[in-house]
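Read the structure below first, then the notes.
It should be emphasised that the depicted structure is a prediction, and the values quoted were computed from it without experimental measurement.
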Amino acid sequence: MTDEQSGRAPAPQLAKAGLEVLAQGVAEELPSYARAFKAVVNVEVVPRATVARSAPAEADRLWLEHARTAAVIDGEGCFLVRGADRDWVRVRLTPHTALSAALVPGAGSMVIAMSPDGRRLCALTEEDDDYWIVVHRFEDRP
């Protein structure tokens, strides 16, 4: 499985998606990336929304809407994504953010965004001919 298939969004992909990287190697008792990945990729997952892959701007708009509604993005526009070595990286939205740009077309890739407190996530994934937006709450987190 390549990094892109496993959901890794390397630093160049984060910049390509218009995200400002604020801190790398964030760990502070957060759920592991593997745990977040399993919450997004399993047979029981039902997407919150689906969008045709021919409409990446709509996928970006809906992802942002769902991420804000789920409180994945804090008041400063910050959230966590996977960086190198499966560490969480703190990023901030910019006027140029387009999360779909971090996906590698045809590779079944994804970007998992997690709230800074590690309680919620909102992922944008490629599934066949669609983008899926998946929202999850870690019920065991205070």
Side-chain angles (χ1 to χ4, degrees), residues 1-53 55-128 130-142:
M1 179 181 294
T2 67
D3 286 341
E4 287 79 12
Q5 289 172 319
S6 65
R8 181 175 175 197
Q13 293 301 99
L14 297 177
K16 186 176 177 182
L19 295 169
E20 177 186 0
V21 175
L22 301 176
Q24 297 193 23
V26 178
E28 313 165 7
E29 299 181 25
L30 297 168
S32 68
Y33 180 81
R35 184 170 178 213
F37 182 84
K38 287 177 187 174
V40 174
V41 181
N42 71 65
V43 296
E44 297 175 5
V45 168
V46 176
R48 189 67 53 98
T50 60
V51 179
R53 282 196 22 217
E58 178 65 4
D60 290 327
R61 185 190 71 74
L62 282 174
W63 173 83
L64 185 57
E65 178 183 306
H66 285 283
R68 284 187 169 143
T69 300
V72 169
I73 302 169
D74 71 13
E76 297 175 3
C78 298
F79 55 96
L80 305 173
V81 294
R82 181 183 173 194
D85 301 322
R86 297 187 183 203
D87 287 335
W88 291 109
V89 175
R90 185 174 172 84
V91 296
R92 181 179 2 228
L93 296 170
T94 70
H96 308 290
T97 297
L99 209 61
S100 62
L103 300 176
V104 177
S109 63
M110 71 182 70
V111 176
I112 299 175
M114 188 166 60
S115 61
D117 63 8
R119 294 179 184 164
R120 298 159 302 279
L121 65 79
C122 184
L124 181 64
T125 73
E126 271 190 345
E127 300 294 333
D128 299 320
D130 295 321
Y131 291 113
W132 281 19
I133 298 164
V134 176
V135 176
H136 178 79
R137 178 175 173 78
F138 294 103
E139 296 297 333
D140 62 334
R141 304 265 317 155

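For the side-chain hydrogen bond (donor to acceptor under 3.5 Å, both in side chains) test, residues two or more places apart in sequence or in another chain that qualify with Arg61 are Glu58, Glu65. Legend: residues meeting side-chain hydrogen bond (donor to acceptor under 3.5 Å, both in side chains) with Asp60, ordered by chain and number and at least two apart, are Ser100.
Scanning both residues, Ala49 and His66, for their nearest heavy atoms gives CB-NE2, 3.9 Å. The nearest pair of heavy atoms linking Val51 to Leu62 is CG2-CD1, 3.5 Å. In terms of heavy atoms, Val45 sits closest to Ala39 at CG2-O, 3.3 Å. Considering all non-hydrogen atoms of both residues, Trp63 and Ile73 come closest at CH2-CD1, 4.1 Å. When all heavy atoms are compared, the tightest approach of Val81 to Val91 is CG2-CG1, 3.9 Å. Taking each heavy atom of Ser115 and Ala71 in turn, the nearest pair found is CB-O, 3.6 Å.
With hydrogens and angles disregarded, a donor-acceptor distance shorter than 3.5 Å links the side chain of Arg53 to the backbone of Asp128. Under the 3.5 Å distance criterion, the side-chain polar atoms of Trp132 are left unmatched by any main-chain donor or acceptor of Ala123. Although no hydrogens or angles enter the test, the distance criterion places no donor-acceptor pair under 3.5 Å between the side chain of Thr125 and the main chain of Met110.
Interatomic distance, CG of Leu93 versus CZ of Phe79, reported as 5.0 Å (0.5 Å rounding). With rounding to the nearest 0.5 Å, the separation of CG in Leu80 from CD1 in Ile112 is 12.0 Å. Interatomic distance, Thr50 OG1 to Tyr131 OH, rounded to the nearest 0.5 Å: 13.0 Å. To the nearest 0.5 Å, atom CZ of residue Arg120 and atom CE of residue Met114 are 10.5 Å apart. The CG atom of Leu124 sits 5.5 Å away from atom CG of Leu99, with the distance rounded to the nearest 0.5 Å. Atom CD of Glu20 is separated from atom CZ of Arg90 by 10.5 Å, given to the nearest 0.5 angstrom.
The stretch residues 39-49 participates, sequence neighbours left out, in no salt bridge (charged side-chain N to carboxylate O under 4.0 Å, His left out) pair at all.
Side-chain atoms of Leu103 and Val111, non-hydrogen and from C-beta on, do get closer than 4.5 Å to each other. Pro47 places none of its side-chain heavy atoms less than 4.5 Å from the side chain of Ile133.
Using cut-offs of 30° and 60° on the angle between ring planes, the pair Phe37 and Tyr33 is tilted.
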